[in-house]
**Student:** 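Below is one structure. I have some questions about it.
Counting convention: from 1, in listed order, for ligands and their atoms alike. Index from 1, following the sequence.
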Amino acid sequence: MKMSRTFVPVLRETPADAEIVSHRLMLRAGLIRQTAAGIYAWLPLGLRVLQKISDVVRAEQERAGAAEMLMPTIQSADLWRKSGRYDAYGPEMLRIADRSGREMLYGPTNEEMITQIFMSETKSYRDLPKTLFHIQWKFRDEVRPRFGIMRGREFLMKDAYSFDLDEAGMKESYEAQFRAYLRTFAALGLKAVPVRAPSGPIGGDMSHEFHVLAETGESAIFYDAALEDIDIDAPDAVERLSATYAMEEEEHAKVADCPVPADRLLKRRGIEVGHIFAFGTKYTQSMGFSVQTKDGGTIHPLMGSYGVGVSRLMGALIEANHDDDGIVWPDQVAPYRVGLINLRQGDADCDAMCDDLYERLSAATSVLYDDRDERGGAKFATMDMIGLPWQVIVGPRGVKSGVVEMKNRRTGEKMELSPDDAIAKITS
Ligand code: P5A
């Protein structure tokens, strides 16, 4: 992609109303723009990152045996009356009416809808267990939307739903998602702490939140330092992590005798990037979903639901990956892998070398070519701000001696290479 064609409205100044670094950098790097309180447009670079995060989340869901589908954002109030949640949900739910006055809502979550869809087609124990997921926009009319997309009103969530025949099956599905979450956050290069959690309006009594550690996190968490030594790839990782003490401050305060010795109890701030629940028959019972069992009886399937804040993850990733000059994207989620800078746009030799590099690099990886008629200083600042992993810099001096400069955004390491060697290094 050429900078002259795409839309990257970089801001020189720090936006006054952005309190935390990820919000500031998302605005400054031209990833998002607010369109109404807590509602954001995703500009080209932001959308590419959102898609890459979704890809990582999706891959780990599929690996865990969950199948992707897509449910609508708009739901009918009647569906929510069946579970009794229409009234219970309160003012966080955006309630709307269609032209004939039918009550609708913009979904804050999809337990009712998936249950309705799945129960219509499922009569027998042979159809279970199953876990289905989608990655879809949600709306919650938060009292205090803040920190940009971190606590938005409209936000992107991965939500998965499991259906099982018995408690043991439900526990297995829960653990499969638990493990998928550990893998997802690790694949994104984030350190996430699973914390035992109250289940709130979703329901049930088995629930964990996953917190990415960050000083700007909204939650304070207390946990046993031993938790940090657990290898998430070990077969007993889920078991050990669920058994190890970790609580949000509010819950921790309710614990009469904390079992963790004071010298091992850590207090950190965290960003809640995931939350999983097992609530058994809460929805299948209220909505009348039963299946036949092997021995001729009937049961209500047991459910769990599993959320990842996909858009919030972008904020968490920036909190964990930035420096004074801007964002420093990890490879997996960078909007482009390479930023190509032409220091003398309009100079025939520089243009020719850039065109050649652009074509050859694009064949192997993703490239953003800054082909604007701008000063070198401005181009450097922009490229550092948007944080692509590699910069390839073409200037008149280098062109004469047949070299380009390459810079690693994370380490700051610079090297002079022939165009061929630069391409080889980036694509190796
Ligand atoms: C689980 C999946 C649920 O809604 N139902 C379906 C369950 N859980 S949750 O904890 O309420 O939300 C799941 C994750 O979504 C993110 N999230 C948000 N992200 C941005 N802005 C918001 N206002 C917001 N609210 C929730 C969080 O990451 C949360 O863990």
Side-chain angles (χ1 to χ4, degrees), residues 20 22-23 26 32 34 36-40 42 50 53-54 57 61 66 69 71 73 75 80 83 85 88-94 106-115 131-163 173-174 177-178 180-181 184-185 188 190 192-204 206-212 214 217-219 221 248 270-279 282-283 303-319:
I20 60 171
S22 57
H23 187 196
M26 287 185 80
I32 54 166
Q34 182 174 303
I39 304 181
Y40 291 85
W42 297 82
L50 201 57
I53 297 171
S54 302
V57 171
Q61 287 295 302
M69 59 185 291
M71 290 178 270
T73 55
Q75 309 188 23
W80 282 63
S83 71
R85 272 210 297 184
Y89 214 89
E92 265 200 10
M93 180 185 276
L94 180 65
Y106 194 125
T109 178
N110 286 61
E111 279 80 6
E112 285 80 356
M113 189 179 274
I114 191 69
T115 304
T131 299
L132 299 164
F133 78 99
H134 71 163
I135 299 176
Q136 178 62 293
W137 295 94
K138 304 287 184 286
F139 194 95
R140 293 181 185 177
D141 203 348
E142 299 275 350
V143 191
R144 206 149 96 83
R146 59 182 194 149
F147 302 157
I149 50 82
M150 206 73 104
R151 181 170 295 281
R153 293 200 296 168
E154 190 183 52
F155 60 96
L156 190 60
M157 191 198 287
K158 181 286 298 179
D159 36 328
Y161 303 89
S162 64
F163 296 89
S173 299
Y174 185 88
Q177 286 288 322
F178 196 123
Y181 278 41
T184 301
F185 303 129
L188 290 167
L190 293 170
V193 175
V195 173
R196 228 170 304 153
S199 63
I202 307 289
M206 185 157 57
S207 182
H208 286 86
E209 291 171 1
F210 292 78
H211 287 261
V212 167
E218 283 194 290
S219 340
I221 54 176
E248 257 202 279
I271 302 166
E272 184 203 312
V273 290
H275 197 164
I276 62 177
F277 306 81
F279 39 73
K282 175 172 170 177
Y283 299 90
M303 288 179 68
S305 74
Y306 315 92
V308 170
V310 175
S311 47
R312 179 178 286 181
L313 266 173
M314 197 180 310
L317 278 160
I318 296 174
E319 291 292 330

**Student:** Is it true that Glu248 and Arg196 make a salt bridge, defined as a side-chain N closer than 4.0 Å to a carboxylate O?
**Tutor:** no
**Student:** Side chain, backbone, both or neither: which applies to Phe210 and ligand 1 if a contact is any heavy-atom pair less than 4.0 Å apart?
**Tutor:** neither
**Student:** Evaluating non-hydrogen atoms only, which member of Met150, Arg140, Arg144, Arg151 is closest to atom 11 (O) of ligand 1?
**Tutor:** Arg140
**Student:** Testing the basics here: between Ser207 and His275, what is the closest heavy-atom pair and its distance to 0.1 Å?
**Tutor:** OG-NE2, 2.8 Å
**Student:** May I ask you to list the atoms of ligand 1 that are less than 4.0 angstrom from any heavy atom of Glu111?
**Tutor:** 5 (N), 6 (C), 7 (C)
**Student:** Would you say the rings of His208 and Phe178 are close, in the sense that their centroids are separated by under 6.0 Å?
**Tutor:** yes
**Student:** In ligand 1, which numbered atoms sit nearer than 4.0 Å to a non-hydrogen atom of Tyr306?
**Tutor:** 1 (C), 2 (C)
**Student:** Is any side-chain heavy atom of Ile39 less than 4.5 Å from a side-chain heavy atom of Phe139?
**Tutor:** yes
**Student:** Could you list which atoms of ligand 1 come closer than 4.0 Å to a heavy atom of Ile149?
**Tutor:** 20 (C)
**Student:** Let me see the working for Arg85 and Tyr283 under side chain to side chain donor-acceptor pair (under 3.5 Å), right down to the final yes or no.
**Tutor:** CA-CA 10 Å; Arg85 272 210 297 184; Tyr283 299 90; 3.1 Å; yes
**Student:** Looking at residues at least two apart in the chain, or sitting in another chain, which of them share a salt bridge (charged side-chain N to carboxylate O under 4.0 Å, His left out) with Glu218?
**Tutor:** Arg146, Arg151
**Student:** Please compare Arg312, His275, Glu272 and report which has the shortest non-hydrogen distance to atom 29 (C) of ligand 1.
**Tutor:** Glu272
**Student:** I'd like to know if the side chain of Tyr181 and the backbone of Glu209 have a donor-acceptor N/O pair within less than 3.5 Å.
**Tutor:** no
**Student:** Please could you name the atoms of ligand 1 that Asp159 approaches to less than 4.0 Å, counting only its heavy atoms?
**Tutor:** 2 (C), 6 (C)
**Student:** Just to check, does Ser311 reach to within less than 4.0 Å of ligand 1 when the distance is taken from its heavy atoms?
**Tutor:** no
**Student:** Evaluate Phe277 for polar contact with ligand 1, using N/O atom pairs at a separation under 3.5 Å.
**Tutor:** no
**Student:** With sequence neighbours excluded, tell me which residues meet ring pair (Phe, Tyr, Trp, His ring centres under 6.0 Å) with Tyr161.
**Tutor:** none
**Student:** Using a strict 4.0 Å cut-off to heavy atoms of Glu142, name the atoms of ligand 1 that fall inside it.
**Tutor:** 22 (C), 23 (N), 25 (N)
**Student:** For atom 6 (C) of ligand 1, which candidate among Val212, Thr109, Asn110, Val308 provides the closest heavy atom?
**Tutor:** Thr109
